[in-house]
4 protein chains.
Amino acid sequence: MPKVTEEHRVARRQQIVDAARTCVGEQGFHKTTMADVIRESGLSAGAVYGYFKGKDEIVAAIADDALSSVDLLFQEMLAAEGPLTPAAALRKTLDFVVSLAERHGTDVTRIGVQAWAEALHNEVIFATASAKYRMLRGHFVDVVRRAQADGTIAADANPEYVGQVMFGLIPGFILQRLILGDVTPESYSSGLAALLDKP
Amino acid sequence: MPKVTEEHRVARRQQIVDAARTCVGEQGFHKTTMADVIRESGLSAGAVYGYFKGKDEIVAAIADDALSSVDLLFQEMLAAEGPLTPAAALRKTLDFVVSLAERHGTDVTRIGVQAWAEALHNEVIFATASAKYRMLRGHFVDVVRRAQADGTIAADANPEYVGQVMFGLIPGFILQRLILGDVTPESYSSGLAALLDKP
Amino acid sequence: MPKVTEEHRVARRQQIVDAARTCVGEQGFHKTTMADVIRESGLSAGAVYGYFKGKDEIVAAIADDALSSVDLLFQEMLAAEGPLTPAAALRKTLDFVVSLAERHGTDVTRIGVQAWAEALHNEVIFATASAKYRMLRGHFVDVVRRAQADGTIAADANPEYVGQVMFGLIPGFILQRLILGDVTPESYSSGLAALLDKP
Amino acid sequence: MPKVTEEHRVARRQQIVDAARTCVGEQGFHKTTMADVIRESGLSAGAVYGYFKGKDEIVAAIADDALSSVDLLFQEMLAAEGPLTPAAALRKTLDFVVSLAERHGTDVTRIGVQAWAEALHNEVIFATASAKYRMLRGHFVDVVRRAQADGTIAADANPEYVGQVMFGLIPGFILQRLILGDVTPESYSSGLAALLDKP
DNA sequence: AATGAATGAGCGTTCATTCAT
DNA sequence: AATGAATGAACGCTCATTCAT
């Protein structure tokens, strides 16, 4: 039992998650078999089980990744002080979602949609989704609060509720992009602008 | 028990779909086994296979039902001539979604979310989802066109794009309701109103 | 429960056997399902079971028919008194086999081959095959005895043994015809003649 | 138990084929279930499916074995130069068939008869049977050609046709042995001799 | 006599996981 | 640490047969 560096372990783990993500992106959580993941990862069954207790743990790891990814944007976006209108925040988010979707070989948003469904029957993923989305929505609430400070949004509005709506626009964008294939950040943003700009 | 009426056949079929919906609502498409559906339906394996070619066909039937359900609202809503602001249409839709979710023993929106994920890897369900959602979104586009006629929305806006946004708000509502559990038609509508009413 | 004439019963029974023979000729005994037979016969499940106890009985009926068919020839062939050399008897038999095979829509010899296999694991069919083939072989033994009387065959030969050989040529003819497809009564007879006519 | 030698794999495969042959010999191809083969082999379901894609492949393997077995004799018989009369070749073949039948626990000729029936509805087995029997019959044709060189058989006879007859005697021997139970290489050979030796 | 919907045991096969090497 | 052959419970589905009508 030769000892192995921590780096090695991390790299191996990532190798497995990457393989699994590829499989899940192509076939979904349930059609993906451990044999698929093992083959794609280039490791042996025993090795994979040395890093993950079982399929559930791998699925949870992928779902976690996919669910977290949008959050990254906000860390830099909100760090930059200054005015950020809700419309601008949404536009940046949509652009980021698309860039995520087109990155790598696998469309992360497809994994995300899988995760939504999975969350309804899998406690671990439910907890992750719940936490990640509460945090993400919280960022939108922050944006709303800034907008209220700016006077862009009425001061007496409930910022939580406005945050629900802003956050709530994202899943619909992802879904239409995947299933109807005809939404773009431009079309969606301009549609929102038209709704906002009351004549 | 031969020589059975058409009604009987339809009832039996519904019995199976209902049983399957219950199972899928509780466990998801993939964890639901045919044995589950058979047990829940109270029929025998052979009987179930007399009405459906296989599991895929049952899954497609449930997904179809779930995906279609919201459309019903629009048939009456749009039939009523007269002014219908986008905000009002959305509010009515959300109320309807909640009433659907609370109807029966099974929350239809949970099936809907399953169907989104399934559509990404199942051609038949993809086609259904695509068709149903294009139609549903089309109804919102109609509402937008009326609003443009009324002057509620700028005449030079692209109604398709505005329709994308209105339709796009629904999945986010469903998802937050299921995963975060704190959105209501009231909160969501008032959040939207705050966003719309520019000071 | 209306009474039905005996003719009607016989006709119905034949209808079922014919349907079953067609199916078995196309798919073999085991791939043929009762549903196939029921569909092909144009009757209902209940009706079929009114005439036969079950699949085994139908299979036995078909096998019986197929196994019996060659015997018919001998009844007329032997009835005609006069010299009948073994070679001539065999030739007539082969011609008859071919005519049986090409009769109707179904090749009876294919059913026969099925029956050979089935006889090895099915007591009823074994008994039938055993009886029919013993009788058929007996006819050849009669031919041999006549040939011995004529001096065509040595008087001290065991006619049973010669009968084994003559009868034994038939399955090989049937098999080569079905699987190699290149034997004819002519080729086979002339091959036998060449073997017999020692230079 | 990883890292297994090629020998081990071959042995395991044989273990499965042997088990399957035993089952098929007792019950026939169709009554033999995978559960039977699995139980008889002493392996697990998964292990069996690691060596064969499915039941069809196992059936094909057994049929192939059974159909090939007689060919072995000819390789040594024909290797020995020198006169080999058709009658002698046939006698040797019959002896060999009987020795095959009595070898092991399973009578290979029973499997062979199954294979004949199966070939009529199974392309793979048809192809195997066709090839094996064409080759086997070819060996008899070689014997006939030698006999023509020796003057044992008329030079102007078609050796292919004589080969058909010689080969054609085997199935009839096998069948009578299995179904009538009263033929032996001795009785069959002496019957043939009586037919050949024209007074 | 005839119907055909219903039954349910049992089929062939898969796949997450283990453990001797 | 790593291997991969082996496990076996559980899956989706078929089909000979029955029986209320």
Quiz item: Name the one of Lys132(D), Arg13(D), Arg21(D) that satisfies salt bridge (charged side-chain N to carboxylate O under 4.0 Å, His left out) with Asp65(D)?
Solution: Arg21(D)
Quiz prompt | From CA spacing to verdict: salt bridge (Lys or Arg N to Asp or Glu O under 4.0 Å), Asp36(C), Arg39(C) | solution = CA-CA 5 Å; Asp36(C) 290 334; Arg39(C) 191 185 320 109; 3.4 Å; yes
Self-check item: Rounded distance (Å) that lies between atom P of dA5(F) and atom CD of Gln15(D)
Solution: 15 Å
Quiz item: Within this structure, what is the NZ-to-P distance between Lys31(A) and dC11(F), rounded to whole angstrom?
Solution: 18 Å
Quiz prompt | Phosphate OP1/OP2 of dA6(F) contacted by Tyr51(D) side-chain N/O (<4.0 Å) | solution = yes
Self-check item: Whole-Å gap separating P (dA16(F)) and CD1 (Ile58(C))
Solution: 10 Å
Practice problem: Could you tell me the separation between the CZ atom of Phe29(A) and the CD1 atom of Ile62(A), rounded to the nearest 0.5 Å? | Solution: 5.5 Å
Exercise. Could you work out which one of dT13(E), dA16(E), dT3(E) sits closest to the side chain of Thr33(A)?
Key: dA16(E)
Practice problem: Indicate, with a heavy-atom threshold strictly under 4.0 Å, whether Gly54(C) touches base, sugar-phosphate, or nothing. | Solution: sugar-phosphate
Quiz item: Where each residue is assigned the nucleotide of DNA chain E containing its nearest heavy atom, which of Ala35(D) and Ser44(B) is assigned the position nearer the 5′ end?
Solution: Ser44(B)
Exercise. Select from His30(B) and Ala45(D) the residue whose nearest nucleotide in DNA chain F is closer to the 5' end of that strand.
Key: Ala45(D)
Exercise. Map Gly46(A) and Leu43(C) onto DNA chain E by nearest heavy atom, then report which one ends up closer to the 5' terminus.
Key: Leu43(C)
Self-check item: Phosphate-side-chain proximity, Arg12(B) and dA6(E), N/O vs OP1/OP2 below 4.0 Å
Solution: yes
Exercise. Figure out the CZ/P separation between Arg39(A) and dA16(E), and round it to whole Å.
Key: 11 Å
Quiz item: Measuring from Tyr51(A):OH to Gln14(A):CD, what's the distance to the nearest 0.5 Å?
Solution: 13.0 Å
Quiz item: Between CD of Glu26(D) and OG1 of Thr22(D), what distance do you get to the nearest 0.5 Å?
Solution: 6.5 Å
Exercise. Choose from dT17(F), dG4(E), dT7(E) the nucleotide whose nearest atom is closest to any side-chain atom of Lys55(C).
Key: dT17(F)
Quiz prompt | Dot-bracket encoding of pairs in DNA chain E, which uses [ ] for pseudoknotted crossings and | for another strand, Watson-Crick or G-U under 3.5 angstrom | solution = .||||||||||||||||||||
Practice problem: Can you tell me the distance, in whole Å, between the CZ atom of Arg13(A) and the C1' atom of dA1(F)? | Solution: 17 Å
Exercise. Could you grab the distance from atom CD of Gln27(B) to atom CG of Leu120(A), nearest 0.5 Å is fine?
Key: 13.5 Å
Quiz item: If you measure only the distance, is there a donor-acceptor pair under 3.5 Å linking the side chains of Glu118(A) and His30(A)?
Solution: yes
Quiz item: Between Asp36(D) (CG) and dT13(E) (C1'), how many Å, whole number?
Solution: 15 Å
Quiz item: Base, sugar-phosphate alone, or nothing: which one does Phe52(C) contact when heavy atoms must sit under 4.0 Å apart?
Solution: nothing
Quiz item: Which sits closer to the 5' end of DNA chain F, Met34(B) or Met34(C), going by the nucleotide each is nearest to?
Solution: Met34(B)
Quiz item: Base, sugar-phosphate, or nothing for His8(A), non-hydrogen atoms under 4.0 angstrom?
Solution: sugar-phosphate
Practice problem: Using whole Å, report how far CZ of Phe29(A) lies from P of dA16(E). | Solution: 14 Å
Practice problem: Would you kindly give the CG-to-C1' distance between Asp56(D) and dT13(E), to the nearest whole Å? | Solution: 12 Å
Exercise. Check the side chains of Gln114(A) and His121(B) for a donor-acceptor pair under 3.5 angstrom, ignoring hydrogens and angles.
Key: yes
Practice problem: For Arg9(C), report the nucleic acid contact type (base, sugar-phosphate, nothing); a contact means any heavy atom under 4.0 Å. | Solution: sugar-phosphate
